[in-house]
Novice: 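Let me begin by handing over the structure; questions about it come next.
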Amino acid sequence: MEIAVVGAGIIGLTVAHRLAGEGHRVTLIAPAEEPHKASTGNAGTIAGYAVDPVGTPEVLRDLPRLLLNRDSPLAIHRPSALRLAPWLWRFARQAGPRGAEANRRVLARILGDADSRWRGLAFSLGAGGLLREAGALYAYDTVEGLNAAEAGMDRRRAHGVTVERLDASQLLALEPRLPPGRFGGGMLFPGTLWLSDPAAMLTRIEAALRVARIEARVTALTRRGAGWQVTHEEGAQEVEAVVLAAGAWSARLLKPLGVRVPLTAERGYHLEFDRVEKVARPLCPVRRGFYFTPMAGRLRAAGTVELGGIGAAPSPHRWDWLEEGVRSVFPDLPPPSRRWMGLRPSVPDSLPVVGLARKGLVCAFGHGHLGLTLAPWTAERVSAALAGGPLDEAVSPLRFNR
Ligand SMILES: Cc1cc2nc3c(=O)[nH]c(=O)nc-3n(C[C@H](O)[C@H](O)[C@H](O)COP(=O)(O)OP(=O)(O)OC[C@H]3O[C@@H](n4cnc5c(N)ncnc54)[C@H](O)[C@@H]3O)c2cc1C
């Protein structure tokens with residue numbers, strides 16, 4: 001089949017790699033540079049344990065306080081506030097106990113084999129060296145915070161996630177560079193993976209691709225006979241099928257087709273500290289909402305949420321707030337070597353949009369906090385959607401019009 005894949009983040013690249021490997025003639029279309037694409041600057045965790053949606057009853061209870069405070073782990077990009085209202089309304093409706101549990105159940109199913117899928121992909125590329133395996137940690141400021149997290153961890157355990165509770169001394173034994181007394185304890189997700197350099201993984205996948213490449217932004221998708229015309233800045237392509245994997249930018253290409261998806265950006269930020277070694281595995285100081293991830297030659301602190309603002313400049317105060325959180329754990333760090341902001345493509349129920357929107361038009365976007373983790377799974381599902389097989393139960397909640 002002649003297929004255009006729109007977008008060259010982790011989703012577009014992984015999909016293109018899989019489809020080309022299956023013998024399809026693939027054209028990958030995306031601009032050469034996209035400084036705010038989420039796939040380069042993320043925290044790098046293969047987070048099969050992250051089965052909680054963003055919207056939960058706990059978050060819902062705190063939502064007004066969180067959103068009104070511009071220094072909170074979940075803030076709003078104020079100039080976008082009005083435009084965000086419908087998205088927030090849907091988010092709130094999904095975040096009750098029943099909605100959150102239904103979304104958690106779907107996430108648990110699609111995240112299930114994330115580690116083994118990633119091993120398969122990385123080793124097939126000869127990029128196994130970019131995978132690290134030592135688990136991931138949540139760290140709690142106080143014992144009370146640790147105790148309060150137990151109920152949520154039990155919910156994860158009920159979905160098959162392995163979690164080990166650590167008291168303060170066990171946490172220090174695992175992470176001896178943490179300041180003694182800084183945390184009351186932690187939760188360990190043992191044996192999980194992370195990438196030591198997400199951008200390097202993109203480069204490895206791109207280098208292995210046997211596809212045509214057009215470096216341009218797609219401006220329109222139009223039905224043409226049995227196939228599609230993909231119009232872009234350099235011209236137009238006629239193809240039999242299109243996979244839309246343009247991250248947070250995807251919805252605007254669907255709107256003229258009458259397909260409306262509640263997609264926004266959750267802007268995330270990172271700071272990097274060159275030649276700094278502080279943690280042996282990704283560690284999230286939970287109250288602050290970011291990860292310290294050990295990466296090749298540097299420490300990355302990545303995370304936090306600022307809702308809205310596709311196309312707007314980064315908010316410098318979010319970097320300041322992130323740095324304050326970083327120094328609340330490691331006060332002796334040097335000044336950051338670089339800083340970055342990227343757009344998580346996010347849907348109110350925290351589930352990606354994967355599957356056919358029209359005949360020959362497959363959606364593969366909206367992965368929110370879990371796009372890296374879910375990339376190999378998504379490529380499998382896109383391939384199945386193009387093959388026209390019956391929808392399996394795990395995928396039907398991911399329809400564009402759910
Ligand atoms: C701070 C932060 C931390 C994160 N941590 C993790 C983590 O630890 N684990 C995890 O699993 N996930 C994590 N994520 C989420 C993950 O990074 C994203 O879900 C994922 O990268 C989304 O990939 P994508 O390919 O859909 O989008 P992107 O990476 O944003 O790529 C979109 C692509 O579409 C292209 N594009 C846009 N418009 C057009 C157009 N009109 N025509 C053609 N191409 C277009 C862009 O140029 C780009 O190539 C994190 C995200 C952030 C921001």
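Just so you know, ligand 1 is whichever comes first in the structure, and atom 1 is the first atom listed for that ligand.
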Novice: Would H270 count as a contact residue for ligand 1, given that I'm defining contact as a non-hydrogen atom of the residue lying under 4.0 Å from a ligand atom?
Specialist: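 Not so, H270 does not reach ligand 1.
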Novice: Would Y269 and F290 count as a close aromatic pair, with their ring centres under 6.0 Å?
Specialist: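 So the answer is no for these two rings.
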Novice: Would you indicate whether R90, at its atom CZ, is surrounded by more than 12 heavy atoms from other residues, nucleotides or ligands within a distance under 6.0 Å?
Specialist: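 No, the 6.0 Å shell around CZ holds no more than 12 heavy atoms from other groups.
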Novice: Please step through ring-ring contact (aromatic ring centres under 6.0 Å, His included) for the pair F189 and Y138, ending with a clear verdict.
Specialist: CA-CA 8 Å; F189 305 100; Y138 289 177; 4.9 Å; yes
Novice: Below 4.0 Å, non-hydrogen atoms only: which portion of T293 touches ligand 1? Side chain, backbone, both or neither.
Specialist: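 T293 to ligand 1: no contact under 4.0 Å from either part.
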Novice: Starting from atom 7 (C) of ligand 1, what is the nearest protein heavy atom, named by residue and atom, and what distance separates them?
Specialist: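 The answer is T45 OG1, 3.4 Å.
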Novice: Around atom 35 (C) of ligand 1, find the nearest protein heavy atom and jot down its residue, atom name and distance.
Specialist: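 Of every protein heavy atom, G7 CA, 3.7 Å lies nearest to atom 35 (C) of ligand 1.
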Novice: Identify the protein heavy atom lying closest to atom 24 (P) of ligand 1, giving its residue, its atom name and the separation to 0.1 Å.
Specialist: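 For atom 24 (P) of ligand 1, the nearest protein heavy atom comes out as I11 CG1, 3.7 Å.
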Novice: Does any N/O atom on Y291 come nearer than 3.5 Å to any N/O atom on ligand 1?
Specialist: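 In this structure, Y291 places no N or O atom under 3.5 Å from an N or O of ligand 1.
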Novice: Taking everything shown except R260 itself, do over 12 heavy atoms lie less than 6.0 Å from its CZ?
Specialist: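 Atom CZ in R260 is not packed in, count stays at 12 or less.
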Novice: Going by distance alone, is a donor N or O of one side chain under 3.5 Å from an acceptor N or O of the other, for R267 and S315?
Specialist: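 R267 vs S315: donor-acceptor pair found between side chains.
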Novice: Could you tell me the separation between the CZ atom of F292 and the CG atom of L178, rounded to the nearest 0.5 Å?
Specialist: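 F292 CZ to L178 CG: 8.5 Å, rounded to 0.5 Å.
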Novice: Given the ring of W319, does R339 sit roughly above its face, with NZ or CZ under 6.0 Å from the centre of the six-membered ring and within 45° of the axis?
Specialist: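 Because its charged atom sits under 6.0 Å from the ring centre and within 45° of the axis, R339 does stack over W319.
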Novice: Backbone or side chain, does any N or O of H369 fall under 3.5 Å from an N or O of ligand 1?
Specialist: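 Right, the criterion is met.
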Novice: Considering heavy atoms of the protein only, find what lies nearest to atom 49 (O) of ligand 1 and give residue, atom and distance to 0.1 Å.
Specialist: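 Residue, atom and distance for the closest contact: A8 N, 2.9 Å.
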Novice: What atoms of ligand 1 come within less than 4.0 Å of a heavy atom belonging to A30?
Specialist: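 It comes down to these atoms of ligand 1: 43 (C), 44 (N).
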Novice: Quick test: of every protein heavy atom, which one is nearest to atom 44 (N) of ligand 1, and how far off is it to 0.1 Å?
Specialist: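 Here the nearest protein heavy atom works out to P31 CD, 3.5 Å.
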Novice: In ligand 1, which numbered atoms sit nearer than 4.0 Å to a non-hydrogen atom of I10?
Specialist: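 What qualifies from ligand 1 is 21 (O), 23 (O), 25 (O).
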Novice: Is a side-chain donor or acceptor of K37 paired with a backbone partner of A8 at a separation under 3.5 angstrom?
Specialist: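 Flag set: sc K37 to bb A8 pair under 3.5 Å.
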Novice: Is the closest N or O pair between A364 and ligand 1 shorter than 3.5 Å?
Specialist: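 No; the residue has no nitrogen or oxygen that sits under 3.5 Å from a nitrogen or oxygen of the ligand.
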Novice: Given E266, K37, M341, R252, identify the one with the heavy atom nearest to atom 48 (C) of ligand 1.
Specialist: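 That would be K37.
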Novice: For ligand 1, is there an N or O atom under 3.5 Å from any N or O atom of A38?
Specialist: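 Between A38 and ligand 1, an N or O pair is found under 3.5 Å apart.
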Novice: Does R93 CZ have over 12 foreign heavy atoms under 6.0 Å away?
Specialist: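 Open: at most 12 neighbouring heavy atoms sit under 6.0 Å from CZ of R93.
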Novice: In the protein, what heavy atom is nearest to atom 18 (C) of ligand 1, and what distance, to one decimal place, separates them?
Specialist: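 Going atom by atom, the protein heavy atom closest to atom 18 (C) of ligand 1 ends up being G368 O, 3.6 Å.
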Novice: Does the Lys NZ or Arg CZ of R288 fall within the cation-pi geometry relative to W321 - under 6.0 Å from the ring centre and within 45° of the axis?
Specialist: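 Judged by the rule, R288 and W321 form a cation-pi pair.
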Novice: Under a 4.0 angstrom heavy-atom cut-off, which atoms of ligand 1 come close to I29?
Specialist: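 Heavy-atom distances to I29 below 4.0 Å select 43 (C), 44 (N).
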Novice: Can you sort out which atoms of ligand 1 are near T373, meaning under 4.0 Å from one of its heavy atoms?
Specialist: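 Listed by number with element, the hits are 9 (N), 10 (C), 11 (O).
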Novice: Under a 4.0 angstrom heavy-atom cut-off, which atoms of ligand 1 come close to A43?
Specialist: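 Matching atoms, with element in brackets: 3 (C), 4 (C), 5 (N), 6 (C), 8 (O).
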Novice: N/O of A302 under 3.5 Å from N/O of ligand 1, yes or no?
Specialist: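 No.
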Novice: What I want to know is whether L372 and ligand 1 share at least one N or O pair that is separated by under 3.5 angstrom.
Specialist: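 Yes; at least one N/O pair falls below 3.5 Å.
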Novice: Count the heavy atoms belonging to other residues, nucleotides or ligands that lie under 6.0 Å from CD of E277, then report whether that count exceeds 12.
Specialist: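 Counting other residues, nucleotides and ligands, CD of E277 stays at 12 neighbours or fewer.
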Novice: If we only consider heavy atoms of G44, is any one of them less than 4.0 Å away from an atom in ligand 1?
Specialist: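 Yes.
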Novice: Could you tell me if the side chain of P53 sits less than 4.5 Å from the side chain of D349, heavy atoms only?
Specialist: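 SC-SC contact between D349 and P53 ruled out.
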Novice: Using a strict 4.0 Å cut-off to heavy atoms of G303, name the atoms of ligand 1 that fall inside it.
Specialist: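 So the atoms of ligand 1 that pass are 1 (C).
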Novice: Test your reading of the structure: does Y269 have an N or O sitting under 3.5 Å from an N or O of ligand 1?
Specialist: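 No - when backbone and side-chain N and O of Y269 are compared with those of ligand 1, no distance drops under 3.5 Å.
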Novice: Find out whether E240 and H24 are in side-chain contact, i.e. whether some heavy atom of one side chain is under 4.5 Å from a heavy atom of the other.
Specialist: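 Counting from C-beta outward, E240 and H24 never come under 4.5 Å.
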Novice: Can you find a side-chain donor-acceptor pair between S350 and H369 that sits under 3.5 Å?
Specialist: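 There is no such pair between these side chains.
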Novice: Looking at non-hydrogen atoms alone, which of W249, W194, W340 comes nearest to atom 38 (N) of ligand 1?
Specialist: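 Of the listed residues, W249 has the closest heavy atom.
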Novice: Got the closest protein heavy atom to atom 41 (N) of ligand 1, with its distance?
Specialist: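 Looking only at protein heavy atoms, the one closest to atom 41 (N) of ligand 1 is V218 O, 3.0 Å.
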Novice: How does R267 reach ligand 1, by side chain, by backbone, by both or by neither, if only non-hydrogen atoms under 4.0 Å count?
Specialist: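 Within the 4.0 Å criterion, R267 makes no contact with ligand 1.
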Novice: So, does R344 use its side chain to make a donor-acceptor pair with the main chain of V305 at under 3.5 Å?
Specialist: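 No; zero donor-acceptor contacts below 3.5 Å.
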Novice: Tell me, which protein residue and heavy-atom name are nearest atom 36 (N) of ligand 1, and how many Å apart are they?
Specialist: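 It is A246 CB, 3.8 Å.
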Novice: Is it the side chain (CB and beyond), the backbone, both or neither of E34 that lies under 4.0 Å from ligand 1, heavy atoms counted?
Specialist: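 For E34, only side-chain atoms sit under 4.0 Å from ligand 1.
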